[in-house]
Asks: 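Here it is, the structure in full.
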Amino acid sequence: MTIQSSSPAAPWSAVLALSLCASTLVASEFMPVSLLTPIATDLHLSEGQVGQAIGVSGLFAVLTSLFIAAVTSGVDRRSLLLALTALMLLSGSVVSSAPDYVMLMAGRALIGIVVGGFWSMSAATMMRLVPAGDVARALAILNGGNALATTVAAPLASFLGQYIGWRGAFFCVVPIAAATLVWQFLTLPAMPDRNRSDAAATFRVLRRPQVAYGMLAAALFFLGQFSLFTYLRPFLETVTHTSVSTLSALLLILGVAGLVGTSLIGFILRPHLHAALIAMPLAMAAIAIGLVTFGSSLIATTILLALWGLIGTAAPVGWWSWLARTLPDDAEAGGGLMVAVVQLAIATGAAFGGLLFDGIGHRATFLFSALTLCLSAGAIFLGTRRQAPKPADAAHDGCTSAARS
């Protein structure tokens, strides 16, 4: 049995605390993007070396996500989440005071561990905090923090960097992380580890056909999304011919649309999860083709980017909801695999999209994105056909849901 407060509001306060943690974490992860030049100048590094600080966080996120369930077997999940939040606080302190390249990379490695651990446990934690029918809503709130940070982190860090320096901008994370730690300490219930996982548990879930298809679909989705999204700025500058102020406005519109999409997606996912997972990549593929066709028009591009943000930012909620529904008893192992798949897909999409963008042009990159997104829809469609539960399975799922509550 999960120990929860008798107050109906207590679980939702914990969900909001974790949403703030997600927002702070995502801001910490992506702040170097807008502070790369001043960091390089101050530490006497090349911009490429500072760029590696972003890559190292991704590497440690992948490694942590794959093995954290096994390494922390038997550890109360409340204690683990608190430890990860404290580690995020430590990372901000290390990076903001880093005297050299080695300490900078050490601080970034710490944030990578937090990214991998936190997101690996996110679905499983929501399943233990709220009733089964409210999991999609809780995940939407959690990812709302993600969407908010994605919208404001880069421009806010750049703005603060002008006045308090890059170290001051990074240190701003520390008091927020401290407040998040206190909030979680006060609201998170005890969550004893119920799954004694070994190192192979993360990969064993792939034996289930619907999981293999779903992970493939997720990989294709994020690969397609980020092969386009990574190169939006050069596209807008060279094809749409936007000024810097217009570019900022377009990115803000994209971010605000993402917040709206994240707030609404929970109402769609509960009754229509698999249909949404098929429809979202198909819609984004159509948007990618639309950008190729109408990219020179500012009005058309604005509308298309708003739709991209509305769907693309909300999509992770769909994938975490799929994970919670598909692996109710192995959500941590599945979450670890999902984080690794997503991180690798984002890196691969950005890299391959860049090769196409530099070698052939934006059309090749965007059409590749559209094709990959269509393949994602096809993979999840095939996965749903393989899933077709037997009556006994449905009864077992009902028992599992009852046992969780």
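What you are looking at is a predicted structure, and each value in this text was computed from that prediction instead of being measured. FYI, the numbering just counts along the sequence from 1.
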Asks: Can you see which heavy atom on Gln225 is nearest to which on Met284, and at what distance?
Replies: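 Nearest heavy atoms, Gln225 then Met284: CG-CE, 3.9 Å.
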Asks: Minimum heavy-atom separation for Asp42 to Arg167, with atom names?
Replies: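 Nearest pair, atom of Asp42 first, then Arg167: OD2-NH2, 3.1 Å.
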Asks: Could you tell me the separation between the CG atom of Leu216 and the CD1 atom of Ile380, rounded to the nearest 0.5 Å?
Replies: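 Those atoms lie 9.0 Å apart.
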Asks: What is the ring orientation for Phe226 with Phe229, classed by angle as parallel under 30°, tilted 30 to 60°, or perpendicular over 60°?
Replies: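 Phe226 and Phe229: perpendicular rings.
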Asks: How long is the gap from CG on Leu344 to CZ on Phe222, to the nearest 0.5 Å?
Replies: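 Going from the CG atom of Leu344 to the CZ atom of Phe222 covers 12.5 Å.
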Asks: To the nearest 0.5 Å, tell me how far Ile68 CD1 sits from Leu63 CG.
Replies: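 Reported to 0.5 Å precision, the distance equals 12.0 Å.
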Asks: Check whether any side-chain N or O of Thr313 sits under 3.5 Å from a backbone N or O of Gly309 as a donor-acceptor pair, and report yes or no.
Replies: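 Between the backbone of Gly309 and the side chain of Thr313 there is a qualifying donor-acceptor contact (under 3.5 Å).
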Asks: Does any N or O in the side chain of Ser296 come within less than 3.5 Å of the main-chain N or O of Thr240, such that one atom is a donor and the other an acceptor?
Replies: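 No.
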Asks: Any side-chain to backbone donor/acceptor pair from Arg325 onto Leu323? Under 3.5 Å, distance only.
Replies: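 Not confirmed, Arg325 side chain does not pair with Leu323 backbone.
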Asks: Taking Thr24 for the side chain and Ala177 for the main chain, is one N or O donor matched with an acceptor at less than 3.5 Å?
Replies: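 A pair under 3.5 Å: no.
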Asks: Hey, could you give me the CG/OG distance between Leu355 and Ser227, rounded to the nearest 0.5 Å?
Replies: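 Reported value, rounded in 0.5 Å steps: 11.5 Å.
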Asks: Does the gap between the ring centers of Phe381 and Tyr213 come in under 6.0 Å?
Replies: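 No; Tyr213 has its ring centre 6.0 Å or more from that of Phe381.
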Asks: Would you say Ser122 and Thr125 are linked by a side-chain donor-acceptor pair, where the criterion is simply a distance under 3.5 Å?
Replies: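 Side-chain D/A pair, Thr125 to Ser122: absent.
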Asks: For residues 184-192, run the donor-acceptor check on the side chains, cut-off 3.5 Å, and write out each pair with its distance to 0.1 Å, sequence neighbours left out.
Replies:
unit_1: Gln184; atom_1: NE2; unit_2: Thr85; atom_2: OG1; d: 2.8
unit_1: Gln184; atom_1: NE2; unit_2: Thr180; atom_2: O; d: 3.4
unit_1: Thr187; atom_1: OG1; unit_2: Trp183; atom_2: O; d: 2.8

Asks: Could you measure the distance from the CD1 atom of Ile278 to the OG atom of Ser376? Nearest 0.5 Å is fine.
Replies: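 Taking CD1 in Ile278 and OG in Ser376, the distance rounds to 9.5 Å.
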Asks: Is it true that a side-chain atom of Thr301 and a backbone atom of Gly295 form a donor plus acceptor pair closer than 3.5 Å?
Replies: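 Side chain of Thr301 to backbone of Gly295, a donor-acceptor pair under 3.5 Å: yes, one is there.
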Asks: Where is the tightest heavy-atom contact between Thr64 and Gly112, given as atom of each residue plus distance?
Replies: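 For Thr64 versus Gly112, the nearest heavy atoms are OG1-O, 4.5 Å.
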Asks: For Trp119 and Trp320, take the angle between the two ring planes, folded into 0 to 90°, and tell me which bin it lands in: parallel under 30, tilted 30 to 60, perpendicular over 60.
Replies: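 Parallel.
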Asks: Write down the atom of Ile289, the atom of Ala370, and the distance for their closest heavy-atom approach.
Replies: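 Looking at all heavy atoms of both residues, the closest pair is CG1-CB, 3.9 Å.
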Asks: Relative to the ring of Phe357, is the ring of Tyr231 parallel (under 30°), tilted (30 to 60°) or perpendicular (over 60°)?
Replies: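 Parallel: the ring planes of Tyr231 and Phe357 meet at under 30°.
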Asks: Please check: side-chain N/O of Ser91 versus main-chain N/O of Gly107, any donor-acceptor pairing under 3.5 Å?
Replies: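 Pair found, side chain donor or acceptor close to backbone of Gly107.
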Asks: Testing the basics here: between Met88 and Cys21, what is the closest heavy-atom pair and its distance to 0.1 Å?
Replies: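 Distance-wise, the nearest heavy atoms are CE-SG, 3.9 Å.
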Asks: Kindly compute the distance separating CZ (Arg78) from CZ (Arg128), expressed to the nearest 0.5 Å.
Replies: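 That separation rounds to 13.0 Å.
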Asks: Has Ser79 got a side-chain atom pairing as donor or acceptor with Val75's backbone, closer than 3.5 angstrom?
Replies: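 Here the side-chain-to-backbone pair does not exist.
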Asks: Has Arg363 got more than 12 heavy atoms of other residues, nucleotides or ligands less than 6.0 Å from its CZ?
Replies: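 Check fails, neighbour count at 12 or below.
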Asks: Among residues at least two apart in sequence or on other chains, which ones pass side chain to side chain contact (heavy atoms under 4.5 Å, CB included) with Leu264?
Replies: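 Leu264: side chain to side chain contact (heavy atoms under 4.5 Å, CB included) contacts with Val260.
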